[in-house]
Amino acid sequence: MHGGDPLEPRIIGPGFYARVYAVVRQVPGGWVTTYGDVATLLGSPRVARHVGWALAALRDGADSAGEPVPWHRVINARGRISHRGQTLRASRQYELLARDGVVANHSGAIDLKRHRWDGAGCVVPPP
DNA sequence: GGTTTGACCATAA
DNA sequence: CTTATGGCCAAAC
């Protein structure tokens with residue numbers, strides 16, 4: 001057969017975006033997660049950048065099927081918003097997070113120790 | 001099919 | 001605290 005690595009299944013592939021959305025949709029309001037955490041839940045911590053890519057493909061907060069995705073609950077590992085120059089989207093993200101009860105501190109950072117979603121079903125209400 | 005890019009991350013200075 | 005650098009891996013050109 002041609003050289004593929006059967007021991008290393010591709011994390012990225014058809015349905016990868018849908019998987020990202022499925023994970024993000026499980027983040028409860030009041031909690032946040034990181035690109036790296038989503039990638040880890042998908043099986044590979046190395047694809048964090050692609051998680052961002054999947055979110056970048058969203059149209060007005062919804063996937064191609066029109067299903068909403070709480071994209072604003074995904075921030076970077078430093079607790080900050082990754083906007084890469086798109087400050088308009090960043091301000092909207094802060095606004096949506098505030099609606100969830102997640103507020104940034106004086107320097108625009110969110111306390112991950114407080115709000116980081118652990119990847120399990122959170123029965124405990126957010127702090 | 002090589003080069004560039006990207007809503008990342010860990011590390012170093 | 002900030003900025004810079006290398007690594008990561010798939011999509012777009």
Side-chain angles (χ1 to χ4, degrees):
Chain A
M1 305 289 272
H2 59 85
D5 283 359
L7 296 181
E8 289 218 5
R10 287 186 183 176
I11 302 304
I12 307 283
F16 174 74
Y17 284 9
R19 280 197 189 180
V20 172
Y21 303 151
V23 170
V24 175
R25 273 195 270 256
Q26 295 191 19
V27 182
W31 297 90
V32 298
T33 189
T34 71
Y35 300 94
D37 284 352
V38 173
T40 299
L41 287 173
L42 290 177
S44 174
R46 306 180 212 279
V47 298
R49 302 186 83 161
H50 295 81
V51 172
W53 236 52
L55 296 183
L58 291 173
R59 280 290 279 189
D60 196 31
D63 61 18
S64 57
E67 290 295 318
V69 177
W71 57 270
H72 61 281
R73 294 177 188 150
V74 185
I75 60 180
N76 66 28
R78 303 161 92 178
R80 314 207 71 174
I81 291 191
S82 297
H83 55 278
R84 192 71 176 189
Q86 302 209 22
T87 56
L88 179 62
R89 196 191 60 67
S91 59
R92 189 186 326 246
Q93 186 163 4
Y94 277 119
E95 184 180 327
L96 291 171
L97 283 172
R99 189 187 299 179
D100 282 348
V102 178
V103 289
N105 64 15
H106 57 82
S107 65
I110 290 163
D111 188 357
L112 279 178
K113 290 187 175 182
R114 227 171 114 92
H115 292 285
R116 193 178 210 166
W117 178 54
D118 60 5
C122 289
V123 186
V124 183

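Residue numbers start from 1 in every chain, and the chains themselves are labelled A, B, ... in the order their sequence lines are given, proteins ahead of strands.
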I'd like to compare against my own output: the B/S/- annotation of nucleotides 2-9 of chain B with a strict under-4.0 Å heavy-atom distance to protein. ----BBBS

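Surrounding CZ of A:Arg89 are more than 12 heavy atoms belonging to other residues, nucleotides or ligands, all under 6.0 Å away. The environment of A:Arg78 atom CZ is sparse: at most 12 non-hydrogen atoms of other residues, nucleotides or ligands sit within 6.0 angstrom.
Side-chain contact between A:Leu41 and A:Trp117 is present, with at least one heavy-atom pair separated by less than 4.5 Å.
The one candidate from A:Leu88, A:Val74, A:Ile75 that meets the side chain to side chain contact (heavy atoms under 4.5 Å, CB included) condition with A:Gln93 is A:Ile75.
Distance alone, capped at 3.5 Å, places no donor-acceptor pair between the A:Tyr94 side chain and the A:Ile81 backbone.
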